[in-house]
There are 2 protein chains.
Amino acid sequence: MRSPGLPEVTDPAPASAADEKKWEAFQWDAREDCEVRQILDRIADKWSLLVIALLEEETLRFGELARKVDGISKRMLTVTLRNLERDGLIQRTIYAEVPPRVEYRLSPLGCTLIGTIQALVLWTEEHQQQIIAARAAFDAQLEARAEPTN
Amino acid sequence: MRSPGLPEVTDPAPASAADEKKWEAFQWDAREDCEVRQILDRIADKWSLLVIALLEEETLRFGELARKVDGISKRMLTVTLRNLERDGLIQRTIYAEVPPRVEYRLSPLGCTLIGTIQALVLWTEEHQQQIIAARAAFDAQLEARAEPTN
DNA sequence: CAGCATCCTAATCGATACTG
DNA sequence: CAGTATCGATTAGGATGCTG
């Protein structure tokens with residue numbers, strides 16, 4: 001399903017960046033195979049946000065990334081980097097040295113994303129206490145409902 | 001693993017919203033069980049972004065959401081709505097009527113997210129052509145490399 | 001060091017049937 | 001209408017071993 005080879009461009013001219021208020025129409029929720037949703041899934045996936053955020057600051061090698069992104073496996077790091085590279089968000093530079101060295105950095109396109117990602121992570125950091133509290137309250141409600149006579 | 005019951009608050013005082021540049025320290029990439037990453041995974045998941053974006057505009061019923069979010073199953077819509085409700089991002093109102101009616105709307109906390117989500121979706125819409133082109137180029141490279149003599 | 005291939009488990013998700 | 005419960009299929013993802 002994620003086959004290469006450019007799967008049909010349904011919407012040919014959406015890149016008019018000028019109008020900030022295209023939201024009133026709000027037609028992007030339509031089809032499942034809509035490009036926007038596919039791309040959104042990619043950049044918002046479990047590891048991509050992390051990797052982009054890290055590369056936002058500095059160029060990093062594969063091993064450095066592996067160490068910084070705690071919990072990621074070599075396989076998933078490879079997959080994530082490949083996807084981001086395929087989408088043109090990061091650039092991969094191979095240095096022909098004796099111990100192979102490969103560096104990853106944000107591409108110009110990727111750089112246009114950092115503001116948005118910063119905002120998202122910042123929002124999460126600033127509201128995590130509220131969310132944790134909300135979860136606790138919700139779970140308490142559930143338990144109270146589950147064992148009313150206990 | 002996603003057990004209820006408030007799983008340990010490691011970071012007790014992060015809600016200082018004033019400093020915009022806490023990014024220089026950049027310590028959020030640390031532990032896998034970090035709250036920020038868990039929350040990020042939740043709101044950035046396949047359906048949550050869609051649902052939040054839809055509720056951003058208007059209050060909607062279960063069936064209306066099901067129709068608007070093309071491709072979602074009843075199960076996933078239920079799961080997504082429950083998660084968002086548990087995180088305190090949406091509010092669920094049950095009307096005791098003959099044909100049951102349940103309405104979902106963004107909570108005040110959820111409303112603080114809409115700007116960020118708008119930005120993310122907007123970015124995707126504005127850059128989708130570039131990404132599609134990057135993918136095509138990347139795939140072409142791969143194929144050229146795979147069959148050099150063919 | 002970087003990273004691909006393989007195997008295998010665990011989690012996700014969709015379809016269906018049933019309930020208040 | 002608005003879900004819940006169950007089951008089977010699909011996929012993501014981790015561990016490991018091998019290559020340039």
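In what follows, every chain begins at residue 1, and chains take the letters A, B, ... in the order their sequences are listed. Not measured: the values here are computed from a predicted model.
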Interatomic distance, [X] [atom1] vs [N] [atom2] [rounded to whole Å]:
{"X": "K74(A)", "N": "dG14(D)", "atom1": "NZ", "atom2": "P", "result": "14 Å"}
{"X": "N83(A)", "N": "dG13(D)", "atom1": "CG", "atom2": "P", "result": "10 Å"}
{"X": "L77(A)", "N": "dA5(C)", "atom1": "CG", "atom2": "P", "result": "16 Å"}
{"X": "E85(A)", "N": "dG3(C)", "atom1": "CD", "atom2": "C1'", "result": "12 Å"}
{"X": "L50(A)", "N": "dG13(D)", "atom1": "CG", "atom2": "P", "result": "12 Å"}

query: According to the salt bridge (Lys or Arg N to Asp or Glu O under 4.0 Å) rule, which pairs have a member within residues 102-123 of chain B, sequence neighbours left out?
result: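 Output for this query lists R101(B)-E103(B).
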
Set of side chain to side chain contact (heavy atoms under 4.5 Å, CB included) partners for R75(A), sequence neighbours left out: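 R75(A): side chain to side chain contact (heavy atoms under 4.5 Å, CB included) contacts with S73(A).
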
At less than 4.0 Å, is any side-chain N or O atom of [X] found next to OP1 or OP2 of [N]? Yes or no.
{"X": "R82(B)", "N": "dT4(D)", "result": "yes"}
{"X": "Y104(A)", "N": "dC1(C)", "result": "no"}
{"X": "S73(B)", "N": "dG14(C)", "result": "yes"}
{"X": "R75(B)", "N": "dA5(D)", "result": "no"}

task: Rounded to 10°, tell me the angle between the two end axes of the helix from dC1(C)-dG20(D) to dG20(C)-dC1(D), each built from five pairs.
output: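 Between the axes fitted at each end of the helix from dC1(C)-dG20(D) to dG20(C)-dC1(D) lies an angle of 50°.
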
